[in-house]
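Let me begin by presenting the structure, written as structure tokens, before commenting on it.
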Protein chains: 2
Amino acid sequence: MSDAGLNRIDGVYVGNMLSGCLQRQENLGTMMANAIGLTGVSVAKVESACASGGVALHVGVNAIASGANDLVMVAGVEKMTSQPNPNVTAGLMGAEDQMTVAGSGISFVGLNAMIAQAYMDKFSVPPEKIARFPVVCHKHALNSPHAQFKKSVTVDDVLNSPMVADPIRLYECSGIGDGAAAVILASEEKAREITDSPILVAASAVANDTQSLHQRSDMTTFDASVTSSRKAYERAKVSAEDIDVLEVHDAFSILGVMALEDLGFVEKGKGTTLLEDGQIEVGGMIPTNTFGGLKARGHPVGATGVYQIVEVAKQLRGEAGRNQVAGAETGYAQNIGGIGSTITGHILARMD
Amino acid sequence: MSDAGLNRIDGVYVGNMLSGCLQRQENLGTMMANAIGLTGVSVAKVESACASGGVALHVGVNAIASGANDLVMVAGVEKMTSQPNPNVTAGLMGAEDQMTVAGSGISFVGLNAMIAQAYMDKFSVPPEKIARFPVVCHKHALNSPHAQFKKSVTVDDVLNSPMVADPIRLYECSGIGDGAAAVILASEEKAREITDSPILVAASAVANDTQSLHQRSDMTTFDASVTSSRKAYERAKVSAEDIDVLEVHDAFSILGVMALEDLGFVEKGKGTTLLEDGQIEVGGMIPTNTFGGLKARGHPVGATGVYQIVEVAKQLRGEAGRNQVAGAETGYAQNIGGIGSTITGHILARMD
């Protein structure tokens, strides 16, 4: 609100997944509005597993576009360190069906390991190729002011890190952490009044898939990624070639690789080819996770989908510091909930 | 969807409060979409404590009004009987600040008892006057197909029921229960295509207040009730006099009395005067909770704000059976989350 020079807004939408399970705290919409001294405004908590932030943004965008609100804050927040890690792991399984998948005892790294195995097998991709993804994220995080893991790692470091769920190793997993992020939304007219550097939400798309892997015919692609990006490109009247900066939901590195394919940046099965020669690095073909992504920037669940938007906006405003993508005009953010069961696609653009 | 003759919709918004806390089940948007065979659609769970259903409706209305969706299902659901009642009571306290109010050990009936004490003291209202409210709800529930407590009670029954938190007695409290409800939303044009009896959402308003009572100067009125109704009347271009049928959030009977005042049906402190001579009964001045309200119809938290809409719609369509309000053209539904901290106001109207 200070950044936007505002002391009053009329809607607060909060993306959060785990507050009910971990803190037994609900009603976060009112709680956050109260924390900034607001009463009489629209409020809601929005939950869609790890896509809670992205879906909250979608809900906020609709609130503005419908005329229901003039100025909305979309915030994402998660506090994951208040309970022992096993409770957090169990809580995250709330994204899956408790009666079937979660009850089996498998965790999210296990589910993603099945995807990684299927992917590596189908496309003959060795672990060392996927291991380049977190290396790039860690490299970007070195210049990222709020990164959780601000250290350089090599492919060898990744391949020698402990195995968590075969074939996924520790350095391919996002960590547990606390975090929060917020953006202010307004109509185009209002936005131009309150800032000299407004960013257009050119598209806000959500798509769901089956809740669980066993209900799908192919584990190596996320239909909801393909569908949400197709909707987003169509609404924004752009294609993957027009995207200058990209945020993908690399909760596990295999997901980053798949995202490059599902969002149309490279053909299916060839995602790791973009990891060579710095093509997803700042200065490359499609700079990705330029603040470190989920792997190194962090993955405080409900906050993730919102900080992605903040960071794309920073790139488009030319405020990305040492990781600035020169001339970035259009950005894409992908946020995934569950095992690809709820995916958002947001396209932001400079308004010149 | 059968009622609307649809086999495809493009958005599913689910109001629910306690699934994270009680069932450790999240991602309900996708889960419900899946249960009806949908992929590729917009989904979200919306949480605002006991107003989760009403706020989900607001989010769904915005999704249609913004053009983001063509056909939306807003569903409310709560499963409260899977855990022992003390866990449910503790879970409901998630609507309050865990660090301050909830941590004191007080429960929601305790908070409402403080309101009732303040109200009775300030306006010199004796318990037997408030006790008429649940009597009316139980009377209406006798003809309500899905009512939880389908039995007649007298003022004496209420006054002789066990004291839960002085001055609130058992028969003034809504019960714990499971439930679900759903409505389909569409643009006016689309709605006319799919049904011969479309109902207009003439206004959808949300207002928050401070999260807790100790932050307010007056406990005998809910500012969020006043503000949300003012917004709703303004948007629908009607006033309280135009409302033919009313749903109020009587989680405790004192809240029903206060709602009659805060929504403008009677002056402050005089709510119980409307309980005399059948004025809030079917056939009276402002028929209220005609299917039994939270007290007798039930209060499966996330479902409540949605079933209120279903029941107002039934009245406006002339489908309310033996409790039909003759010629009902405009209805109002009030849904409260927390101790008046998040309140929705919806005005529905016949489209002729």
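The structure displayed is predicted, hence computed values, not measured ones. First the proteins, then the strands, lettered A, B, ... as listed; each starts at 1.
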Less than 4.5 Å to any heavy atom of chain B: does that hold for the side chain of A:Ala224, its backbone, both, or neither? neither
How about A:Asn27 and B:Ser48: does a side-chain donor come under 3.5 Å of a side-chain acceptor? no
With a 4.5 angstrom heavy-atom cut-off, is it the side chain or the backbone of B:Gln215 that approaches chain A, or both, or neither? side chain
Check whether A:Arg235 gets within reach of chain B through its side chain, its backbone, both or neither, counting any heavy atom under 4.5 Å. side chain
Using only atom types and a distance under 3.5 Å, with no angle test, would you say the side chain of B:Gln98 pairs donor to acceptor with the backbone of A:Gln25? no
Distance-only, no hydrogens or angles: does the A:Thr30 side chain make a donor-acceptor pair with backbone N or O of B:Ser341 under 3.5 Å? yes
When A:Asn62, A:Leu22, A:Val206 are compared by non-hydrogen pairs under 4.5 Å with chain B, the top option: A:Asn62
Side chain, backbone, both or neither: which part of A:Val55 has an atom under 4.5 Å from a heavy atom of chain B? side chain
Would you confirm whether B:Asn208, through its side chain, and A:Leu38, through its main-chain N or O, come within 3.5 Å as a donor-acceptor pair? yes
What part of B:Val43 is in contact with chain A, defined as an atom under 4.5 angstrom from a non-hydrogen atom: side chain, backbone, both or neither? both
Kindly say whether B:Gln211 contributes a backbone atom to a donor-acceptor pair with the side chain of A:Asn34 at under 3.5 angstrom? yes
Sort out for me which of B:Gly40, B:Gly37, B:Gly29 touches chain A most, counting heavy-atom pairs under 4.5 Å. B:Gly40
What residue in B:Thr210, B:Val46, B:Thr227, B:Val59 has the most heavy-atom pairs under 4.5 Å with chain A? B:Thr210
Go through the side-chain N and O atoms of B:Asp223 and A:Thr39 and say whether any donor and acceptor fall under 3.5 Å apart. no
